[in-house]
Colleague: 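First the structure, then my questions, so here it is.
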Amino acid sequence: MTAATLEATGVAVEQGRPRWSVSSYRRHGELELHEYTTHRLDSAQGVREHYQLASERPWVSRIEITEFTTYVLRRPVTVAQLPGPGRLTASDGAPPQTAYGRRYFAVEPGPQELPTGDAVREYLAWLPCPQSVRLWECTTVLSSRPVGLDDLPHDT
């Protein structure tokens, strides 16, 4: 993952490498039916090969490429900013074109995926010096968007 920091908000953003899927559709009378979708492909060349194979089938009426990218947003928080005792970790509205979103907490150094504020406080209670660690609120987002062959990188 590549990392960048949004200076104004103090949020660190880690962007994963994009992956793609190729879907093909066929006509059946007035209907257009989904024929298949590949698994997530790591290689742009693999996407081109699947696209070429689908385009050689005379019954295929449409081919779609979808790009998937994972982002992890990390924001420093204090113990006082954690959800209260017994409260679940809130999941804010996800950005447009989000296929998946998950919020959790990380302790540095320490566990990287604690699901609730209670879990963070429980971990900190075991530490001899809990003030020496850094707390992060993390949100993992999987976004997707339609792309064309021309949008694919040439080096993968």
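These values consider heavy atoms only, across backbone and side chains, with no hydrogens, waters or symmetry-generated copies.
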Colleague: Scan side-chain atoms only and decide if Glu64 and Ser23 contain a donor-acceptor pair under the 3.5 Å cut-off.
Modeller: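 No.
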Colleague: Could you state the interatomic distance from OG (Ser143) to CD (Glu67), rounded to the nearest 0.5 Å?
Modeller: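 Answer for the OG-CD pair, Ser143 versus Glu67, is 7.5 Å.
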Colleague: Is there a chain of hydrophobic side chains (I, L, V, M, F, W, Y, each step under 4.5 Å between heavy atoms) that links Phe105 to Val107?
Modeller: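 Result: yes, single cluster for both.
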Colleague: From Arg19 CZ over to Leu41 CG, what is the distance, rounded to the nearest 0.5 angstrom?
Modeller: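 Separation between the atoms: 8.0 Å.
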Colleague: How about Tyr51 and Ser24: does a side-chain donor come under 3.5 Å of a side-chain acceptor?
Modeller: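 Absent: no donor and acceptor within the cut-off.
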Colleague: Compare every heavy atom of Tyr36 with every heavy atom of His50, then report the nearest pair and how far apart it is.
Modeller: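 For His50 and Tyr36, the tightest heavy-atom pair comes out as O-OH, 3.9 Å.
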Colleague: Enter the distance from Glu122:CD to Thr116:OG1 here, rounded to the nearest 0.5 Å.
Modeller: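 Interatomic distance, Glu122 CD to Thr116 OG1, rounded to 0.5 Å: 8.0 Å.
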Colleague: Ignoring hydrogens and geometry beyond distance, is a side-chain donor-acceptor pair present between Glu35 and Trp59 at under 3.5 Å?
Modeller: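 Side chains of Glu35 and Trp59: pair found under 3.5 Å.
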Colleague: For Tyr123 and Gly110, which heavy atoms make the closest approach, and how far apart are they?
Modeller: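 Looks like OH-CA, 3.7 Å.
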Colleague: Taking the side chain as every heavy atom from C-beta outward, state whether Arg48 and Gln52 have any atom pair closer than 4.5 Å.
Modeller: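 No - every pair of side-chain heavy atoms lies 4.5 Å or more apart.
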Colleague: Mark yes when over 12 heavy atoms from residues, nucleotides or ligands other than Gln112 sit less than 6.0 Å from its CD; otherwise mark no.
Modeller: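 Correct, the count exceeds 12.
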Colleague: Start with the C-alpha gap between Glu108 and Arg74, add the side-chain angles, then the distance that decides, and say whether salt bridge (Lys or Arg N to Asp or Glu O under 4.0 Å) holds.
Modeller: CA-CA 12 Å; Glu108 192 177 289; Arg74 294 170 52 95; 3.1 Å; yes
Colleague: Does some side-chain heavy atom of Leu73 sit less than 4.5 Å from a side-chain heavy atom of Cys138?
Modeller: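 No; the side chains remain at least 4.5 Å from each other.
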Colleague: In this structure, would Tyr25 and Val22 fall into the same cluster of hydrophobic residues linked by side-chain contacts under 4.5 Å?
Modeller: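 Per the 4.5 Å side-chain linkage, Tyr25 and Val22 are not co-clustered.
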Colleague: In sequence, state the C-alpha distance, the side-chain angles, and the governing distance for Ser61 and Glu32, and then conclude on side-chain hydrogen bond (donor to acceptor under 3.5 Å, both in side chains).
Modeller: CA-CA 8 Å; Ser61 59; Glu32 186 174 60; 3.0 Å; yes
Colleague: Kindly give the heavy-atom pair with the smallest separation between Ser43 and Trp20, and that separation in Å.
Modeller: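 Nearest heavy atoms, Ser43 then Trp20: C-CZ3, 3.9 Å.
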Colleague: Between Arg40 and Leu142, what is the shortest heavy-atom contact and its length?
Modeller: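 Taking every non-hydrogen atom into account, NH1-CD2, 3.9 Å.
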Colleague: Please report the interatomic distance OG1(Thr139) to OH(Tyr71), rounded to the nearest 0.5 Å.
Modeller: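 It comes to 14.5 Å.
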Colleague: Say you draw a straight line from OH of Tyr104 to CG of Leu114; how long is it, rounded to the nearest 0.5 Å?
Modeller: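 Output value for this atom pair is 10.5 Å.
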Colleague: Rounded to the nearest 0.5 Å, how far does CD of Gln15 lie from OG1 of Thr70?
Modeller: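 Going from the OG1 atom of Thr70 to the CD atom of Gln15 covers 9.5 Å.
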Colleague: Would a hydrophobic clustering, with Ile, Leu, Val, Met, Phe, Trp and Tyr connected at side-chain separations under 4.5 Å, put Val60 with Leu53?
Modeller: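 Different clusters: Val60 never reaches Leu53 through Ile, Leu, Val, Met, Phe, Trp or Tyr contacts under 4.5 Å.
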Colleague: Looking at side-chain heavy atoms only, is the closest gap between Pro146 and Ile65 below 4.5 Å?
Modeller: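 With C-beta onward as the side chain, the pair stays apart.
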Colleague: Check Val133, Leu82, Val77 against Val120 for a side-chain contact (heavy atoms from CB on, under 4.5 Å) and give me the one that passes.
Modeller: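 That would be Leu82.
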